[in-house]
Participant: 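To start, I am sharing the structure in question, which I have written as C-alpha cells.
As the structure lists them, so they are numbered: ligands from 1, and atoms in each ligand from 1. These values consider heavy atoms only, across backbone and side chains, with no hydrogens, waters or symmetry-generated copies.
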Amino acid sequence: MVVDDLAALGELFAARCEQDLEHAIAERGTASLVVTGGSAAEALLPRLANADVDWPRTHVFWSDERAVPPDDAESSYRLARELWLDPARVPAASVHRMPGEAADLAAAAAAHERELIAVCGDPPRFDVMLLGVGPDGHVASLFPGHPLLAEQYKLVAAVEDSPKPPPRRLTLTLRALIGARFLVVAAFGAAKAAAIAEALGDPASRLPVAQVLRAAERSLVLLDADAAGRLPGPAR
Ligand code: 6PG
C-alpha cells in the first residue's frame, strides 16, 4: 500500500492492531504486538496512543533495541514510551522491553528470551509485528550477510557489530520473526526503494526483509511514494 500521508498510514496501522489484537484476545485470551524503532515507529506509534486496544491483555515486545539505557535518546523503548505507552497508559506488566543497558548483552539476550518464551511460547507466534527496513534490506538488527541470519536455536541474540550505529544491539532472530500472524513492514524515503523492489520482486532474494515477508502468514507493506519508486507500475 502506497500512501504519502503518514497520518493515514498511522490510522491504517492502528485499525489493524485494533482488529487483530481483539481477535487474538477473543481466541486465546491474550495478544502480542511487536514494534520496531526508527522512522516506522515515529510515524505509526503515535496513533496507537488512542487506539481501542485491551492493553492489559496485550503483551508488547520489540524487534530489537540499541545497547543504551531505557531513558537514552537512542532507545527504541523510550521512543515508544513517549509516543504511545505513557499516553495510552499501557500497564507495565504488558511491556517487555529489551534490556539494552545490560553490560553483558549475551546474558541479557538469554534472559529476554526466557521472558519471551514464558509469555508467547517457543517459537512465539506474534499477533501483529511492525518492522522497519534499512536501505540495505535489514529488519530488526538482522543485517544482510550477517552470520546471525543463520541462527537456528536462539530467539533473541546480541549483536556487537551492527553496521548501523550504535554497533551493539539486542535483536529477535529470524526464528522469532518468521512466525508472525500479521506482519507490517513500513518503509519511507527513496533510500529504501531498491531494497523494497528486490524484496517484493525477487522470490529468491536473501535480504532479511524478503525472508520475513515470504514467511509471514499475512503481511502488509506500507510505503510512501519514494520508497515505492522502483516498483513496477501496476504493483504501486
Ligand atoms: C532501529 C531498528 C531498525 C530500523 C531500521 C529502519 O535501529 O531503529 O533497529 O531495524 O527499523 O533500521 O530504520 P529507519 O526507519 O529509521 O530508517
Participant: Which atom names give the shortest non-hydrogen contact between Ser32 and Cys120, and what distance separates them?
Facilitator: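 Closest approach of Ser32 to Cys120: CB-SG, 4.0 Å.
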
Participant: What residue and heavy atom of the protein are closest to atom 1 (C) of ligand 1, and at what distance?
Facilitator: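 In this structure, atom 1 (C) of ligand 1 has Arg66 NH2, 3.1 Å as its nearest protein heavy atom.
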
Participant: Considering non-hydrogen atoms of the protein only, which is the closest contact for atom 6 (C) of ligand 1, and what is the distance?
Facilitator: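 Nearest neighbour among protein heavy atoms for atom 6 (C) of ligand 1, to 0.1 Å: Val133 O, 3.4 Å.
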
Participant: Identify the two heavy atoms, one from Leu231 and one from Ala197, that lie closest to each other, and give their separation to 0.1 Å.
Facilitator: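 Smallest interatomic distance, heavy atoms only, reads CD2-CA, 3.8 Å.
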
Participant: Among protein heavy atoms, which sits nearest to atom 17 (O) of ligand 1, and what does the distance come to when rounded to 0.1 Å?
Facilitator: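 Checked against all protein heavy atoms, atom 17 (O) of ligand 1 sits closest to Lys192 NZ, 2.8 Å.
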
Participant: Where is the nearest protein heavy atom to atom 15 (O) of ligand 1: which residue, which atom, and how far?
Facilitator: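 Ranked first by proximity to atom 15 (O) of ligand 1 is Ser39 OG, 2.4 Å.
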
Participant: Please name the pair of heavy atoms, one in Glu18 and one in Ala51, separated by the smallest distance, quoted to 0.1 Å.
Facilitator: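 Heavy atoms only, the tightest pair is OE2-CA, 3.3 Å.
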
Participant: What distance do Gln152 atom CD and Lys154 atom NZ have between them, rounded to the nearest 0.5 Å?
Facilitator: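 Spacing of CD (Gln152) from NZ (Lys154) equals 12.5 Å.
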
Participant: Atoms of ligand 1 less than 4.0 Å from Arg169 heavy atoms?
Facilitator: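 Close to Arg169: 1 (C), 7 (O), 9 (O).
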
Participant: Within the structure, is a non-hydrogen atom of Ser76 found at a distance of less than 4.0 Å from ligand 1?
Facilitator: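 The answer is no, since Ser76 has no heavy atom less than 4.0 Å from ligand 1.
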
Participant: Near Gly38, which atoms of ligand 1 are under 4.0 Å from a heavy atom of that residue?
Facilitator: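 It comes down to these atoms of ligand 1: 8 (O), 16 (O).
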
Participant: By number and element, which atoms of ligand 1 are closer than 4.0 Å to a non-hydrogen atom of Gly132?
Facilitator: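 So the atoms of ligand 1 that pass are 11 (O).
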
Participant: What protein heavy atom sits nearest atom 13 (O) of ligand 1, and how far off is it?
Facilitator: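 In this structure, atom 13 (O) of ligand 1 has Lys164 NZ, 3.2 Å as its nearest protein heavy atom.
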
Participant: For Leu183 and Leu213, what are the C-alpha separation, side-chain angles and deciding distance, and is it a side-chain contact (heavy atoms from CB on, under 4.5 Å)?
Facilitator: CA-CA 7 Å; Leu183 167 65; Leu213 277 168; 3.8 Å; yes

Participant: Below 4.0 Å from any atom of ligand 1, is there a heavy atom belonging to His138?
Facilitator: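 Contact check His138 vs ligand 1: positive.
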
Participant: Closest non-hydrogen protein atom to atom 11 (O) of ligand 1, residue and atom name please, with distance?
Facilitator: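 Heavy-atom neighbour on the protein nearest atom 11 (O) of ligand 1: Thr36 OG1, 3.0 Å.
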
Participant: Has Glu65 got any heavy atom lying under 4.0 angstrom from an atom of ligand 1?
Facilitator: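 No heavy atom of Glu65 comes that close to ligand 1.
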
Participant: Would you confirm whether Arg125, through its side chain, and Gly179, through its main-chain N or O, come within 3.5 Å as a donor-acceptor pair?
Facilitator: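 Yes.
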
Participant: What's the shortest distance from atom 2 (C) of ligand 1 to any protein heavy atom, and which residue and atom give it?
Facilitator: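 Checked against all protein heavy atoms, atom 2 (C) of ligand 1 sits closest to Asp64 OD2, 3.2 Å.
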
Participant: At what distance is the nearest protein heavy atom to atom 10 (O) of ligand 1, and which residue and atom is it?
Facilitator: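 The protein heavy atom lying closest is Ala140 O, 2.6 Å.
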
Participant: Salt bridge check: are Asp127 and Arg16 linked by an N-O gap of less than 4.0 Å?
Facilitator: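 No salt bridge links Asp127 with Arg16.
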
Participant: Any ion pair linking Asp64 and Arg169 (charged N to carboxylate O, less than 4.0 Å)?
Facilitator: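 Yes.
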
Participant: Give a yes or no on whether a salt bridge exists between Glu217 and Arg181, defined as a side-chain N under 4.0 angstrom from a carboxylate O.
Facilitator: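 Salt bridge between Glu217 and Arg181, a charged N being under 4.0 Å from a carboxylate O: no.
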
